[in-house]
Amino acid sequence: MRSSVSVILSSPAPDTRMSHPDYDQIAQDHASILILVHHHQEGLLKSKSFIKVWDKIRRVNHTKVTDSAGVTRQVYVKYVKEYPVESNDWGDFQTHRRLLGLITVGQYESQIDLNEICRVHESLKVRYTSTLYDSRCILFGVEDDQLKTPSNFKSLPLWYTDVDSCTDLESQVSELLNSLFWVLESKRQERSREKLDRVPLLLAPFERKDIVGLDLESRTNRKKCTGRMIKHLGDLSLQAGVPHEALQHYILAIDNLRSVNDWLWLGGASEGLCAASVVVLYPGRWRTFPIQRNASLPPSPGKRRPGSIGPSSLPPGSLTPAPIAVEDAAKALSPEGILRRYQEAIQNYAKYQSAGLIETEACFKAAQIAIQQGCPLQAASFLKNVVLINLTLTEQEKIQRFLSLSELYTQMGFHRKASLCRRLAATRHVSDQNRQPDWTQCYNLMLQALDGHRLSLDPTERTSGGAAEGWPALQIHLLQQLVVAARRMGHSALATRHMTFLLQTMWHFLNPTEQRDLAKQLQKLAAECEGAPVPLVLDTRAVIPPANLTNIPKAKNFRLQDLPLHLRPQKLEKIKEDIGPFLYTPISFGSLDRKSTKSQGKMDYLWVEGDMCEVLLDVYNPLPFELKVSNMRLLASDVVFESIPSSIVLPPDSGPNSIVLAGVPKEVGDLEIQGYSTHTLGVKSNCQLRHMPHMPQPSFSVEVVPALPRMEVSLPVQKSNLQVPHADASASITSVSKSLYAGESDECQVTIINSGTQPIEMLEITAQCVLDPSQLRQVLQWSADNIQAQLPLPPGASASFTLYLHGCAEFIAPPRNDLIDGGSQPSSLLSGPSSLPSRLSSLTSSAPSRYPHHNGLSSGSFRSQISSRSGSSVGSSRLHSKVYDPSAPKVIDCQLKLRYSGGPGLEAGYCRVTSVSLSLEILPSILITSWDVLPAETSSQFYLVLDVTNKTLGELELHYADGKVMLFEGNEECRIAVPVERCPLSKLSKLYQNIELSDIEKAELDIICSDHIASLVDLKWVLPVSSRSGKASLRGLSLTADMLDIVRMSPLQWEVLLNKEVAKPLSELTCVVGQCMQLGVTVQNFLDWPLNNVALALKFFQEYQSGVRNYRLDSQLAVAGASNVLLAQLDDQGSVYHECNVVFFMPGLYKIDIQCSSQARPVSVVPSGDVGNSLPAHTWKLIPPIEITVTDP
Amino acid sequence: MYRIWSSTNMAVCIAVIGKENSPKYVSCLNSDNELQFHYKVHTALDVVEEKLSLAGKSNNDVRELYLGLLHSTEEHKIFGYVTNTKIKFIVIVEATNTTLRDNEVRQMFRRLHAAYTDVVCNPFYIPGDHIVSKKFESVVKSIMSGNP
């Protein structure tokens, strides 16, 4: 519609169109006098100096003039640095477009310079001659009388030596302003006195052609002339500082012009009315000094960004009408009215294609006012069609228009719109129409457009802010344009950076194809200039923060690794923590505060200075092509850390690929691992954990302790019985397994090598095992002194020590299962020698005389108490030993821990522990399945009868007594009898203090006796095939009470005389039936105290094949003399002699059981009342009993 | 696609924008210049925000959800609608479609709002996520094509 109207009303007039819109215009400019300040550029005045002068001039923004009527008027001025003549042509339409004053600023050194300045000044005067009222020429230079302005120079020169000394410049400018005002005022007066019906038709530049053929004298035209002139008067009045008059003129003019449909001028009058209203309503809103107006650096006074200066950049919405006089208020428009009227004016302008500039400027002015009134929506409606106004503009001017728009949009808080304008301005810089593409400008504008898209170039802000921000599709588009601009600008580093940023931050919004394409592009860009994680500083001083690729490759499960077990440092002395009486308790004793202060990410293990440490992570390649990642290393801080770079090639779309990043801490302290760095697609990235989502911790911290030595332990491969030690390379824990036969001993040489850089100054060896320490000592032994003597061990040196291994095992078999029930029976029910057979059943054939004698209860009753007690203790020991089977191979697993330290680590109290695991298999060699004791021929000895089984598979030689050897086949059982000295009383004397023995004492007696046996019996075995040998120990042999009687020396010594001859034990004694035999018995007390109430009994009995004893021999023999004698006391070391005669009636084998029982302790010790039968008796027997073979005469 | 430029089209672009002004759903009749519409919708948000802040000042309990015409260019008219939970609906219609009445635009928004409510009622939809729903898609298509 607009175009159609404009076509009708006006034809394009290219020569008169003006194409230099001033987007910075404000409504107040309608009331200002325009002065051009020209900088004589070719001269010597530097820009900097000119700016100073410019600022000084601009400080004079208004002057107060008292007019002829005595009213003070405010006259405002607007300075421009350049002004197109075409704009001047519009001076009739709007008088504020006329250039009224000229100031030329130049510096001279010579006459030539001076002449040049004057020439330029004069030529400028000529250019603006149609409107110019007055001019000044400011000249800087040394005062020299010889230098003179040329004759044709007709302006007023102002001489100054230099820029800083022009103190009266401001007053001079003020004076110029004054003079301009008076000229203007005179013109106004002149115009106002003109008769309104005689006035000429004022024309806008493009209208000049159209007047041809118009009826100038028509009534309509007359009215048009009048209306236009009144409007013109209004303009002049406004400029001359009488806005109230101007208002009247405008209102009148509007009436006139509306009636004749003079749309363009009607628009002008409306706009003038608005301008006048603004001046009246908002006094004091003029341009003030300084105004920072730089198109490329927009002030940022948005609605949401307070704190700015200058009238046009005052916070929007701050505009409040000043209190004005009532009569003025009637004429001036209301704030809303101004906007309405502007809208009207713009609509009128829009009807003329050639008035595009006026329309555009009006839009901007209206928008400014709307913004300041706080009506951004109104402002937006003024601005929305500015771009569509048909103006023939150069690309530069279009850019300028976009930038001005952007600035206004920013002011009203329309950041998205502002960004769009900036982006459009940027594209204009490099559009096809632009003959001088400027990629740098384009790039800078693009950069400014980022804000409105909620984009910050710092990737870290994005990750923290969340991905919901902004509009990803547009952000991606903008970033891509930014990359192109940066590349075309020739700044490949920047292009790489932006592409990296794009990939990093927009990764999740890109589809796989885009991801691949962009990654490929990045690779191409990075080939030109490698991306590095350092901020880039542009020429505009903008800083582009680094962008790091954390998505390519994507890392997960970042975890620090403890050192390998054998290299872990440990505290030399562990601080005993008070953990209370419980193994586990949810209450932390004393560690409550420690837990709370423990920083997150602090590792609970230690790393060692100078030792390789590792971090594991899983990496994923999200791209559909092979990804090469090189120079991947750890990022650490706080402690000097040497990262060891590693390179990986990730297959397409793969993951997780587990990789190890390693490094060596070079200092002691708390090491902080912050992330890792990569080099992929040509971009170096520092991937900080704290900027990566999905990472559990922002950093990991681990304590580094001083350097410690490293030690390697090696065990030589020895004989065949030592199986090859399989050393686990990663754990470096040496393990040895070895098999020994029970009783065998072996040695093992352990070599330690210091493979580190620190000397080993401390080495402790301990063994850990399920066995208790005393048992372990039997199995494993080494010389600690030998080890200590070899320390310290310098780096690279080695030392060795010997481990002594012994196949320690039980050789005594537990009782067989089928006999357990009977095991306790004989000792409890039976007494005397008859207790043996149950366990030594096979002995019956060799010793038939020891058959149990169930009828012999009479003799057993004497000692039933003791035997039952000892029997019960034996029984319990059997039950205990039943738990394990010594004949089965036994495996002892133990760990030899070598704690070592040295160097600074030792000073800091740390050590390392290397373990050697030792697996010792103990195979059975021989086993004693049963045993018994037999009296020997001499009373000082007895026979230990053993049933020995060869548990090996091969032949075995058993050396058991002096020179006695027995050869066994595998699994063969043999019986051997070993002569053993009886246990002397000296070992037992303590135990005879009391006749009555407590359980403990009995057990002690048992132990003493069995130890006695163990120490005397020396069983050696040899395997002839493998020539391996060992020793069997009889430790743990349990003895019954009966056995004990045999094993230990009797406290009473017996001497039996037959027919005055000493009867030796086990000697053959014969006698003839009917012959009287004299039997004499001497009993000697070897105890240290006398025995009271000693009853000596001689009992004859016969033993049958069945083992039954027959004591009832009345019909077979007769005894002359007492067979039972009661002695009141047997003195210590004293002896008694008893004699009787025996006559045998029948031939046969007779035995004499000679026994002695004592009833009480010494009388002196025991209170008299207690003496008597109540005390238990102890019985001693002559062992073996005397045997007499009676033959027929 | 054959009716892209036919006059029966009610709308050429429909967008749902989240509370934080990031897009949750954008659908255009013509996917060729989709980015163009993205920019239009994006800049229209400036006006939406401004209108909302004005409405916030007036402190009315019941705010009119329909914002009316946000912006008009020679080619398109952009209308806006904001739910009480600050979810924005933007509809772009062609400027040539002069027969379109205000009531019809309101009707479009009401249907869109109802469809959006259905989406949010889905217990598997997390508010703030992109809208991926066949049903919603079909409603949007029918709004754009003008079929009831």
Side-chain angles (χ1 to χ4, degrees), chain A residues 1-3 302-304 316-317 370-371 374-381 383-390 405-406 408-424 427 449 452-455 462 465-478 480-481 508-509, chain B residues 13 15-28 31-58 67-78 80 86-88 90 95-96 98 126-132:
Chain A
M1 192 169 137
R2 180 214 334 267
S3 49
K303 191 180 195 171
R304 288 137 189 116
I371 290 167
C375 312
L377 288 175
Q378 297 267 18
S381 73
L383 291 179
K384 72 180 177 193
N385 283 330
V386 163
V387 188
L388 300 170
I389 294 170
N390 187 7
L405 276 174
S406 162
L408 286 177
Y409 278 126
T410 309
Q411 282 181 32
M412 54 205 207
F414 283 23
H415 296 289
R416 296 180 185 86
K417 203 85 172 154
S419 284
L420 180 73
C421 290
R422 270 184 203 286
R423 202 178 60 82
L424 289 173
T427 52
H453 291 87
R454 298 254 186 120
L455 259 182
R462 187 157 184 96
E469 291 279 303
W471 198 291
L474 303 184
Q475 288 171 339
I476 290 165
H477 184 230
L478 183 63
Q480 277 178 318
Q481 287 185 327
H508 301 292
F509 302 106
Chain B
C13 176
V16 178
I17 291 129
K19 205 163 59 177
E20 304 297 330
N21 289 334
S22 50
K24 299 298 167 219
Y25 180 87
V26 182
S27 173
C28 302
S31 58
D32 292 345
N33 49 2
E34 196 173 318
L35 203 60
Q36 204 76 44
F37 284 113
H38 274 281
Y39 272 113
K40 279 190 203 295
V41 175
H42 185 238
T43 48
L45 284 180
D46 277 331
V47 183
V48 172
E49 283 203 329
E50 186 57 44
K51 289 206 171 191
L52 283 180
S53 72
L54 285 179
K57 273 176 206 161
S58 63
L67 295 181
L69 182 67
L70 301 177
H71 193 69
S72 65
T73 63
E74 291 202 326
E75 295 165 341
H76 297 114
K77 284 180 184 165
I78 303 170
K86 298 283 184 290
I87 306 294
K88 290 117 188 155
I90 304 285
T96 51
T98 47
I126 301 164
D129 276 5
H130 261 267
I131 296 170
V132 184

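A, B, ... follow the sequence lines: proteins, then strands. Residue 1 opens every chain.
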Exercise. Under 4.5 Å heavy-atom distance to chain B, tell me which part of A473(A) shows up: side chain, backbone, both or neither.
Key: both
Quiz item: So which of H130(B), H71(B), H38(B), K51(B) has the largest heavy-atom pair count under 4.5 angstrom toward chain A?
Solution: H38(B)
Quiz item: L474(A) versus chain B, heavy atoms under 4.5 Å apart: side chain, backbone, both or neither?
Solution: both
Exercise. Return the option, out of K384(A), H477(A), R416(A), R423(A), with the maximum number of heavy-atom pairs under 4.5 Å with chain B.
Key: R416(A)
Quiz prompt | Closest contact, heavy atoms only, L420(A) versus Y39(B) | solution = CD1-CD2, 3.7 Å
Quiz prompt | Residue L70(B) versus chain A: region with a heavy atom under 4.5 Å | solution = neither
Exercise. Please examine the side chains of E49(B) and H415(A), heavy atoms only from C-beta on, and report whether any two atoms are closer than 4.5 Å.
Key: no
Practice problem: Please name the pair of heavy atoms, one in K417(A) and one in D46(B), separated by the smallest distance, quoted to 0.1 Å. | Solution: N-OD2, 2.6 Å
Quiz prompt | Heavy-atom contact with chain A under 4.5 Å, split by part of T73(B) | solution = neither
Practice problem: Measure across E50(B) and M412(A) and return the closest heavy-atom pair with its distance rounded to 0.1 Å. | Solution: OE1-O, 4.0 Å
Practice problem: Could you go through the side-chain contact (heavy atoms from CB on, under 4.5 Å) check for T43(B) and Y409(A) one step at a time? | Solution: CA-CA 11 Å; T43(B) 48; Y409(A) 278 126; over 6 Å; no
Exercise. State, with a plain yes or no, whether a side-chain heavy atom of W471(A) is found less than 4.5 Å away from one of V26(B).
Key: yes
